[in-house]
Amino acid sequence: MPDSTDPMAARAEKLRAIREQGLDPYPHHFQRTHTAEQIGERFAELEEAETVAVAGRLRSLRPMGKTTFGHLEDASGRVQLYLRRDDLGEAYPLVKLLDLGDLVGARGKVFRTRSGEISVRVAELVLLAKTLRPMPVVKEKDGQVFDAFTDREARYRWRYLDLMVNPETRDVFRRRAGTIRALRRYLDAHEFLEVETPVLQVVYGGALARPFRTHHNVLDCDLYLRIAEELPLKKLLVGGLERVYELGRVFRNEGVDRHHNPEFTLLEFYWAYADYRDAMDLVEDLFRTVAREVTGGLLLPQRAITDGEEGPARERPAIDLEPPFARRPMLALIREVTGADVLAMSDGALRTLAVELGGALPGSPPRGKLIERIFDLAVVPNLIAPTFVIDHPKVVSPLAKAHRETPDALVERFELFIGGQEFVNAFTELNDPHEQRRRFEEQRELREAGEAETHPLDEDFLRALEQGMPPAAGVGIGVDRLVMLLTGATAIKDVLLFPHMRTLEGEGLGEEDRVAHREGDREGDRE
RNA sequence: GAGCCGCUAGCUCAGUCGGUAGAGCAUCGGCCUUUUAAGCCGAGGGUCCUGGGUUCGAUCCCCAGGCGGCUCACCA
């Protein structure tokens, strides 16, 4: 039942009235001459001189009888509109049919009001798009914000509303774009070639994670969405592209929380004739360069994390990228914190230690998994200052080359931790095809023993290695987390424009669409 | 996956020691030709998340479920 005071019904009624007056509520074009910012910047020359044309969204309306004030907002900022019946004449009643959020264009002279605000005295007002839904009403006075649009769910689900009313959200995504630009610029400058490899793969690989599965109808085969970029990029090293990178989306069928989204942006680069030490030098320089470019400095303030609604905020210290990043072997860090020499311990003792630290693992995990687990529990939370953790257990790194000094137990690998978070994973790449095959087979044994996350054997990749891959370093950087670091964000959802959310009722494919897709399948089968 | 918290008008929230509800903003009407969280006067607006249970009676108490947020655990 329509309610006379329902905002949507009111807007629909205004739309009808506008059409009735012969006005087009959704015209095709508006010739804008100035942005809001330009009007402020060039006020001296514009004042009472040429006619300007501005366009944007109405963010405030203050009708006072035969005069109305309002603010128009475009991508550059806001400018006040001064609408007078004497100026607009027959067009003035249109003002009554406007709502907050409508997109309008206005032409007129620029002036300063009695209270000093730079404004456009509107001689011509054009509706550019009528809005049918109310937008969040956020008011502001003396820098204080009233009725802020802070509901996290609403902000994530309807990001356009968040972007409309929260300037800091726009800043986050400008900074995200800046981060990606800086990463590209850095790698391009170091003569890495940007490439694109398939997202849909017959065999997934390059990481230990569970994949999303999909199906190709015409070929009638299952495909996986990639969980990493690694294997195709290494094939390019075989092909003679000595420095390659890919900045792309990968998909992991795992948990969703403050640090994880089912799809995320991963940067991987591969560097022939380099090893993990070279890569560490490069990564350290890359982090500083990108941080400087994006934030202007190397000291990165982090926002506090709140414990629940009422709970106390947990302060997070600023991250300083200035001092050299520490480089510490994983086993040495474990020994420092727990006193345990994990390499010398029996499997049973390792398990006992892991349980003591609060992390029981299901099944009978291999030593390497237990060591990694102990590391995650005992060491990681304390790795606040940027730290390269180096030389990991072999079994958890099936694609990394054995350590040149401890080849039986360790690999040449590093992870960069900052603020207790992993940002980079890299290693000296394994390029011995026989050794790679043995590692894959080891993974298969683990899988058969009940390990959930193992690396599948990829014959096509082994074939490429058999063709000869140069010694190389490979690096993976979690771009979303890097953006979090550079923006101080506390949740990955805050740096994704459209983070994954559970579907609401009425969202997703309707039954009719699903039927249509099934029809499509049959058509595919016939061909 | 576990724990805690929340779900009341379009929005943000208050409230009912169990007797079917209220504020501000928004909306609608009136006044107002330099206002700016504009102001003043008036009005309308609610399956109090869903389903069970207890009760004479549930928005409130109990149970189950849904959705969300936060925290912890885990994969980046």
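Throughout, protein chains are lettered first and strands after them, A, B, ... in sequence-line order, and every chain is numbered starting at 1.
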Suppose you measure atom P in B:U54 against the same atom in B:G3; what distance do you get, rounded to whole Å? 27 Å

I want to verify a distance call: between B:U34, B:G68, B:C28, whose nearest atom is closest to the A:R157 side chain? B:G68

Salt-bridge present (A:E48, A:R121; N to O < 4.0 Å): yes

Same-atom distance (P) from B:G15 to B:U33, integer angstrom: 42 Å

Partner nucleotide, any strand, of B:U20 [Watson-Crick/G-U, under 3.5 Å]: none

Nucleotide B:C11, atom P - distance to CG of A:L100 in whole Å: 16 Å

Nearest-angstrom distance from the residue atom NE2 of A:H71 to C1' of B:U35: 9 Å

A:R62 has a side chain; which of B:U71, B:U27, B:U35 sits nearest to it? B:U35

For A:F111, answer base if it contacts any base atom (sugar-phosphate contacts may also be present), sugar-phosphate if it contacts only those atoms, and nothing otherwise; contact means non-hydrogen atoms under 4.0 Å. base

5'-most by nearest nucleotide on RNA chain B - A:G65 or A:R152: A:G65

Describe the nucleic acid contact of A:K14 in one word from base, sugar-phosphate, nothing, applying a heavy-atom distance below 4.0 Å. sugar-phosphate

How is A:Q80 classified with respect to the nucleic acid when contacts are heavy atoms under 4.0 Å: base, sugar-phosphate, or nothing? base

Contact class for A:R155 (heavy atom, under 4.0 Å): base, sugar-phosphate, or nothing? nothing

Taking only residues two or more places apart in sequence, or in another chain, which ones meet A:R413 in a side-chain hydrogen bond (donor to acceptor under 3.5 Å, both in side chains)? A:S397, A:N425

Atom-to-atom span, CD of A:E372 to P of B:C74 - whole angstrom: 11 Å

Candidates B:U33, B:G69, B:A73 - which lies nearest the side chain of A:L377: B:A73

Taking only the C1' atom of each, what is the distance from B:G68 to B:C49 in whole angstrom? 11 Å

Tell me the partner of B:U35, counting only Watson-Crick (N1-N3 plus N6-O4 or O6-N4) or G-U wobble (N1-O2 and O6-N3) with both under 3.5 Å; none if nothing fits. none

What contact category does A:R252 fall into here, base, sugar-phosphate, or nothing, at under 4.0 angstrom with non-hydrogen atoms? base

Should the pair A:D99-A:K130 be classified as a salt bridge under the 4.0 Å nitrogen-to-oxygen rule? yes

Using both distances under 3.5 Å as the test, list the Watson-Crick or G-U wobble partner of B:U71, or none. B:A2

Using a heavy-atom cut-off of 4.0 Å across all strands, would you classify A:D376 as base, sugar-phosphate, or nothing? sugar-phosphate

With rounding to the closest Å, how many angstrom separate the P atoms on B:U8 and B:U47? 11 Å

Only counting residues at least two apart or in another chain, list the ones meeting salt bridge (Lys or Arg N to Asp or Glu O under 4.0 Å) with A:R11. none

Residue A:K139, side-chain atoms from C-beta onward, closest of B:C70, B:C25, B:U33: B:C25

Comparing A:F69 with A:V137, nearest RNA chain B nucleotide closer to 5' gives the residue A:V137

Could you tell me the separation between the CG atom of A:L161 and the C1' atom of B:G10, rounded to a whole number of Å? 13 Å

B:C72 phosphate, OP1 or OP2: any side-chain N/O from A:R258 under 4.0 angstrom? yes

May I have the distance from A:R84 (atom CZ) to B:U34 (atom P), rounded to whole angstrom? 8 Å

Note: A:E13-A:R16 ion pair, threshold 4.0 Å (strictly below): yes

C1' spacing across the pair B:C61 / B:C67, given as an integer number of angstrom: 23 Å

Can you tell me the pairing partner of B:G45 across any strand shown, Watson-Crick or G-U wobble, with both distances under 3.5 angstrom? none

Is any side-chain N or O of A:R114 under 3.5 Å from a base N or O of B:U34, one able to act as donor and the other as acceptor? no

Considering only the P atoms, how many Å lie between B:A2 and B:C60, rounded to the nearest integer? 26 Å

For B:G51, which nucleotide is its Watson-Crick or G-U wobble mate, given both distances must be under 3.5 Å? B:C63

When rounded to whole Å, the CZ to C1' distance for the pair A:R59 and B:C25 reads 14 Å

Which nucleotide, in any strand shown, forms a Watson-Crick or G-U wobble pair with B:A14, with both distances under 3.5 Å? none

Nearest-nucleotide pick for A:R373, side chain only, options being B:U35, B:C32, B:A73: B:A73

A:Y82 OH to B:U33 P, straight-line distance once rounded to whole Å: 10 Å

On a plain distance test, is the side chain of A:T67 in donor-acceptor contact with the base of B:U35 below 3.5 Å? no

Give the rounded distance in Å between these two atoms: CH2 of A:W158 and P of B:G10. 13 Å

Validation row, ring centre A:Y204 to ring centre A:F251 under 6.0 Å: no

Could you measure between the two P atoms, the one in B:G51 and the one in B:A58, and give it in whole Å? 13 Å

Do A:Y156 and A:F498 have ring centres separated by under 6.0 Å? no

For A:A326, does its backbone N or O pair with a side-chain atom of A:T387 as donor and acceptor, under 3.5 Å? no

Side-chain donor/acceptor contact of A:E117 with base of B:U34 under 3.5 Å: no

When you compare B:C41 with B:C25, how far apart are their P atoms, in angstrom units rounded to a whole number? 11 Å

